[in-house]
J.: 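Structure incoming, see below.
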Amino acid sequence: MADSQQSQTKIVVPGSQSMVSLLGSRDELLGVLERSLQADIHVRGNEITLTGSADDVELARSVFMQLITLLDRGEPMTAEDVERTVAMVKQGSDARPADVLALNILSTRARTIRPKTVNQKRYVDAIDEHTIVFGIGPAGTGKTYLAMAKAVQYLQSKQVNRIILTRPAVEAGERLGFLPGTLYEKIDPYLRPLYDALHDMVDTDSIPRLMATGTIEVAPLAYMRGRAQPVDTPVLTPEGFRPIGTLRVGDLVVGADGRPTHVLGVYPQGPKEVFRVTTQDGASTLTCAEHLWSVTTRADRRRGRARRIMETQDMVGTLRAAHARRYELPMVKPVEFPECAVPMDPYALGLLLGDGCLTTSTTPAFSTADAELVEALQAALPEITVEYKSRFDYVLRNPQGARGLKTANPVTAVLRELGLAGTRSETKFIPRSYLHNTASSRVALLQGLLDSDGGPVRQRGRTCRIQYVTCSDQLRDDVVWLVRSLGGVAYWRTRKAEGRKPGLARGREVPHLHDAHVVDIRLPAEIEPFRLTRKLLAYAEGGAGRPMRMIESIEPSGEAECVCISVAALDSLYVTEDFLVTHNTLNNAFIVLDEAQNTSPEQMKMFLTRLGFGSKIVVTGDVTQVDLPSGTTSGLRIVRDILDGVEDVHFSTLNSTDVVRHRLVGDIVDAYARYDAEREAPRSSGSQARRGPSGRR
């Protein structure tokens with residue numbers, strides 16, 4: 001009866017060389033197959049005969065067919081490959097072992113890195129298909145190693161610009177200061193597994209260079225989050241500048257496109273060393289050493305490369321290339337503040353701030369040699385009449401007034417409302433309602449200022465710039481603010497009144513009473529700085545140069561309490577003081593968080609909200625090996641419930657069958673799982689007994 005249930009099948013292996021590869025040197029692989037399979041295996045020439053029960057023969061036949069497929073694809077065969085193939089066929093998975101073991105992720109140093117189990121292949125495929133992937137499973141299942149291999153693959157194929165590897169240093173409570181040595185000597189023990197994997201995949205000689213340029217960053221989670229600014233640093237919001245320390249999740253800040261974007265996260269950092277980053281136009285802000293900047297270089301522009309993301313500390317000492325400033329920051333687009341009603345046309349106010357008499361001790365007046373400006377002022381202020389007085393002087397009269405009657409001049413009333421009444425050339429300013437208004441309103445105001453007290457400056461061999469002159473310190477600062485809010489740059493210098501050659505008025509010398517501030521301006525191409533025809537034509541003929549902001553210096557500036565924010569803008573950029581565009585999230589990066597079971601829920605949220613545009617995140621961990629202090633919940637334990645159903649987030653689970661270390665590791669993992677289950681069972685039954693059938697104590 002037993003003989004009647006016996007089955008037999010024959011497999012012909014083409015080519016003697018294939019048979020040698022299939023059976024191994026000295027039949028080593030054949031021995032593995034005989035130990036792993038129940039069917040009897042008989043080899044004669046290039047023919048393999050399988051004998052045994054129908055199920056055993058079919059299993060053995062499937063294994064041999066998968067091994068032959070691997071050989072046909074040119075894959076080398078090892079004893080481990082044979083064992084993996086047998087295990088996968090026995091599991092009855094839909095995935096073919098030949099597809100799993102032939103998926104090459106990375107080849108380096110005569111070694112190929114590939115998944116070795118079905119779950120590992122699903123994990124690797126998920127990394128390609130999703131933006132955020134969680135790899136959860138016991139030690140030895142290749143979670144971190146495969147994630148590292150994918151990171152290097154993405155970097156080499158230029159799908160990302162940098163790799164960031166991080167893990168929590170909970171063994172020291174993330175308080176590493178008490179340990180001896182430098183920062184890197186302190187954190188090395190916690191990052192050693194990542195370093196070891198990195199050295200397996202990247203040429204050893206190139207690793208220091210890649211780490212020095214920031215292409216590869218390895219840091220504890222506590223240090224990775226420290227991309228921060230001092231709490232009193234101004235950040236631009238739709239209502240104006242606010243200290244970054246006062247921002248809360250859900251608040252609006254201004255992005256690089258000039259429009260509002262939400263704050264997604266606020267992370268206090270404690271005291272940190274800070275640096276003052278200054279650009280060539282005098283703008284500056286304070287940041288910590290790890291704060292991020294989106295920059296481009298002349299070489300990047302020449303080669304058509306995208307912007308690179310660099311930390312403040314990475315740029316120190318490399319600010320010049322061939323004596324020229326190296327790093328250019330992005331310019332903010334014209335900022336769109338909410339529309340605000342104003343009592344006077346912005347262009348008219350600009351003309352009066354430039355060449356108007358605002359003392360209000362007499363009828364408001366305006367001086368110009370351009371009849372075109374007189375007509376423009378009259379058109380902008382239809383409620384008054386611009387009357388010629390003498391030479392270049394005009395008065396702004398109220399046509400409703402009559403001789404002998406005291407009727408308020410509309411312009412005088414507006415000047416009093418704006419607080420400009422009584423101001424002179426050295427005390428004029430721009431009211432806040434005009435500075436914090438729509439871009440079109442601010443452009444009109446700037447055009448009035450430049451048509452009256454500004455003009456194009458042309459130099460041989462250079463593009464045309466704009467120059468504005470004022471005696472008022474406050475008006476100088478307001479004009480600089482106005483230009484920067486429109487995406488331009490403004491430099492200024494002061495010509496001292498003392499010692500300057502007197503001017504001439506009708507042939508008579510007139511001494512200078514006040515210092516004069518000369519503001520040089522460059523505006524975006526889409527903004528016309530003048531309405532006055534002669535100035536506009538001269539500006540167009542000269543060819544306007546584009547505004548640029550280059551980093552001039554980075555200097556230590558002590559220590560300060562810092563905070564970090566993340567924003568919803570796709571490019572992760574926001575506007576800080578002096579309208580500098582800065583960055584606080586990781587774009588175009590492959591980020592691996594290892595040992596994630598040792599993160600708190602707050603740390604996990606902080607890390608995930610660091611995700612930038614064009615980036616991938618892989619989170620690995622083993623929820624059975626949590627080293628957090630007693631009472632602290634693991635962020636990895638609860639993140640699945642939190643992110644369940646969120647699109648483009650994937651959870652891959654690996655188990656003891658995916659262990660790729662010594663075979664005993666898988667057995668140990670299973671033994672501990674049984675032990676934990678046996679300990680949990682009495683607790684559950686005892687708890688139920690104490691509660692009683694109704695569940696009450």
Side-chain angles (χ1 to χ4, degrees), residues 234-241 253-261 279-283 285 328-340 342 345-351 353-354 429-457 463-470 474-492 517-532 535-536 539-540 543-550 573-582:
V235 170
L236 188 61
T237 74
E239 291 75 38
F241 283 98
V253 297
V254 175
D257 60 357
R259 299 184 179 279
T261 182
T279 56
Q280 92 286 359
D281 63 332
T285 191
E328 181 182 352
L329 299 176
M331 300 298 301
V332 64
K333 296 293 184 183
V335 177
E336 280 294 345
F337 293 113
E339 185 173 4
C340 177
V342 291
D345 179 85
Y347 180 71
L349 180 64
L351 291 176
L353 286 172
F429 62 92
I430 299 176
R432 190 181 190 280
S433 58
Y434 286 83
L435 288 175
H436 293 79
N437 213 323
T438 62
S440 59
S441 176
R442 300 198 312 279
V443 169
L445 174 64
L446 182 62
Q447 288 172 334
L449 289 164
L450 296 178
D451 276 351
S452 55
D453 264 350
V457 176
T463 54
C464 187
R465 70 180 189 277
I466 307 157
Q467 201 167 82
Y468 176 77
V469 182
T470 179
Q474 186 59 55
L475 186 54
R476 171 204 64 199
D477 294 342
D478 291 344
V479 169
V480 170
W481 195 101
L482 190 63
V483 170
R484 289 173 174 172
S485 75
L486 293 170
V489 293
Y491 313 72
W492 60 270
H517 306 294
V518 181
V519 185
D520 286 310
I521 298 169
R522 288 193 184 275
L523 291 168
E526 64 271 18
I527 294 180
E528 288 190 346
F530 306 104
R531 291 188 187 179
L532 187 59
K535 291 184 179 181
L536 187 58
Y539 181 70
R546 69 181 182 91
M548 293 187 294
R549 270 191 159 168
M550 311 293 293
L573 300 175
Y574 66 93
V575 181
T576 185
E577 62 183 312
D578 290 342
F579 292 92
L580 288 169
V581 175
T582 191

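Computed from a predicted structure; not experimentally measured.
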J.: Partners of Tyr347 by side chain to side chain donor-acceptor pair (under 3.5 Å), sequence neighbours excluded?
T.: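 By the side chain to side chain donor-acceptor pair (under 3.5 Å) rule, Tyr347 matches Asp451.
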
J.: Pick from Leu449, Leu353, Leu435: which one makes a side chain to side chain contact (heavy atoms under 4.5 Å, CB included) with Asp478?
T.: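 Looking at Leu449, Leu353, Leu435, the match for Asp478 under the side chain to side chain contact (heavy atoms under 4.5 Å, CB included) is Leu435.
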
J.: Out of Met550, Met331, Arg484, which residue meets the side chain to side chain contact (heavy atoms under 4.5 Å, CB included) rule with Val489?
T.: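 In the set Met550, Met331, Arg484, the residue that makes a side chain to side chain contact (heavy atoms under 4.5 Å, CB included) with Val489 is Met331.
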
J.: Would you name the heavy atoms of Thr576 and Phe241 that are closest together and state the gap between them?
T.: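 The pair with the smallest heavy-atom distance is O-CE2, 3.5 Å.
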
J.: Name all residues meeting the side chain to side chain donor-acceptor pair (under 3.5 Å) criterion together with Thr470; count only those two or more places apart in sequence or in a different chain, and write none if there are none.
T.: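 Per chain and number, Thr470 pairs via side chain to side chain donor-acceptor pair (under 3.5 Å) with no residue.
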
J.: Which heavy-atom pair separates Leu573 from Pro330 by the least distance, and what is that distance?
T.: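 It is CD1-CG, 4.3 Å.
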
J.: What pairs with Arg546 under salt bridge (Lys or Arg N to Asp or Glu O under 4.0 Å), at least two apart in sequence or on another chain?
T.: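 Testing Arg546 for salt bridge (Lys or Arg N to Asp or Glu O under 4.0 Å), a comparison that skips the adjacent residues, returns Glu328.
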
J.: Distance-only, no hydrogens or angles: does the Asp257 side chain make a donor-acceptor pair with backbone N or O of Arg259 under 3.5 Å?
T.: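 Such a contact is found between Asp257 side chain and Arg259 backbone.
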
J.: Could I get the full list of ring-ring contact (aromatic ring centres under 6.0 Å, His included) partners for Phe429, not counting sequence neighbours?
T.: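 For Phe429, no residue satisfies ring-ring contact (aromatic ring centres under 6.0 Å, His included) once neighbours in sequence are set aside.
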
J.: Can you measure from CG (Leu482) to CG (Leu486) and round to the nearest 0.5 angstrom?
T.: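 If we round to the nearest 0.5 Å, Leu482:CG and Leu486:CG are 5.5 Å apart.
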
J.: My understanding is that only residues two or more places apart in sequence, or in another chain, count here; which of them pass side-chain contact (heavy atoms from CB on, under 4.5 Å) with Ala490?
T.: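 For Ala490, the residues satisfying side-chain contact (heavy atoms from CB on, under 4.5 Å) (neighbours in sequence not counted) are Val480, Val483, Val519, Ile521.
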
J.: List for me each residue that meets side chain to side chain donor-acceptor pair (under 3.5 Å) alongside Thr279, sequence neighbours excluded, and say none if there are none.
T.: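 Thr279: side chain to side chain donor-acceptor pair (under 3.5 Å) contacts with Asp281.
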
J.: With sequence neighbours left out, what residues match Thr438 under side chain to side chain donor-acceptor pair (under 3.5 Å)?
T.: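 Thr438 satisfies side chain to side chain donor-acceptor pair (under 3.5 Å) with Ser440 once adjacent residues are dropped.
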
J.: Do you know which two heavy atoms are closest between Ala256 and Val581, and how far apart they sit?
T.: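 Minimum heavy-atom contact is CB-CG1, 3.9 Å.
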
J.: Starting from the C-alpha separation in whole Å, work towards a yes-or-no answer on side chain to side chain contact (heavy atoms under 4.5 Å, CB included) for Thr285 and Thr582.
T.: CA-CA 10 Å; Thr285 191; Thr582 191; over 6 Å; no

J.: Mind checking what makes salt bridge (Lys or Arg N to Asp or Glu O under 4.0 Å) contact with Arg442, not counting sequence neighbours?
T.: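 Scan of Arg442 (salt bridge (Lys or Arg N to Asp or Glu O under 4.0 Å), adjacent residues dropped) gives none.
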
J.: Distance check, rounded to the nearest 0.5 Å: Ser452 atom OG versus Gln447 atom CD?
T.: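 Result: 11.5 Å between the selected atoms.
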
J.: Within the supplied structure, the quantity of interest is the number of heavy atoms (other residues, nucleotides, ligands) at a distance under 6.0 Å from Lys535 NZ; does it exceed 12?
T.: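 Yes, the 6.0 Å shell around NZ holds more than 12 heavy atoms from other groups.
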
J.: Considering residues at least two apart in sequence or located in another chain, which fulfil the side-chain contact (heavy atoms from CB on, under 4.5 Å) criterion with Pro238?
T.: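 With sequence neighbours excluded, Pro238 shows a side-chain contact (heavy atoms from CB on, under 4.5 Å) to Leu252, Val254, Pro260, Pro338, given in chain and number order.
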
J.: Any chance you could measure Asp477, atom CG, to Gln474, atom CD, to the nearest 0.5 Å?
T.: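 Asp477 CG to Gln474 CD: 5.5 Å, rounded to 0.5 Å.
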
J.: What residues, two or more places apart in sequence or in another chain, satisfy ring-ring contact (aromatic ring centres under 6.0 Å, His included) together with Tyr434?
T.: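 Once residues adjacent in sequence are excluded, Tyr434 has no partner under the ring-ring contact (aromatic ring centres under 6.0 Å, His included) criterion.
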
J.: Are Phe579 and Trp481 close enough that their ring centers fall under 6.0 Å?
T.: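 Ring centroids of Phe579 and Trp481 are less than 6.0 Å from each other.
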
J.: What is the distance from atom CD of Gln467 to atom CG of Leu450, rounded to the nearest 0.5 Å?
T.: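 Between Gln467 CD and Leu450 CG, I get 11.0 Å after rounding to 0.5 Å.
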
J.: Quick one: list whatever passes side-chain contact (heavy atoms from CB on, under 4.5 Å) with Val253, sequence neighbours left out.
T.: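 Result, side-chain contact (heavy atoms from CB on, under 4.5 Å) vs Val253: Val235, Thr237, Leu247, Thr261, Val263, Val567, Tyr574.
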
J.: Let me confirm one number: the OH-NE2 distance from Tyr468 to His517, rounded to the nearest 0.5 Å.
T.: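 Between atom OH of Tyr468 and atom NE2 of His517 there are 11.0 Å.
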
J.: Taking all non-hydrogen atoms of both residues into account, name the closest pair between Phe337 and Gly240 and its distance.
T.: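 Reported closest heavy-atom pair: CE2-N, 4.4 Å.
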
J.: If I compare all heavy atoms of Leu523 with all of Pro547, which pair ends up nearest, and what's the gap?
T.: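 Reported closest heavy-atom pair: O-CD, 3.5 Å.
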
J.: Short question: side chain of Asn437, backbone of Ser433 - any donor-acceptor pair under 3.5 Å?
T.: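 Judged by distance alone, yes, a pair lies under 3.5 Å.
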
J.: Is it the case that the side chain of Glu339 and the backbone of Ser441 share a donor-acceptor pair, with hydrogens and angles ignored and the cut-off at 3.5 Å?
T.: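 Flag not set: sc Glu339 to bb Ser441 has no pair under 3.5 Å.
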
J.: Suppose the criterion is salt bridge (Lys or Arg N to Asp or Glu O under 4.0 Å): which pairs have a residue in residues 517-531, not counting sequence neighbours?
T.: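 Salt bridge (Lys or Arg N to Asp or Glu O under 4.0 Å) check on residues 517-531 returns Arg465-Asp520, Arg493-Asp520.
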
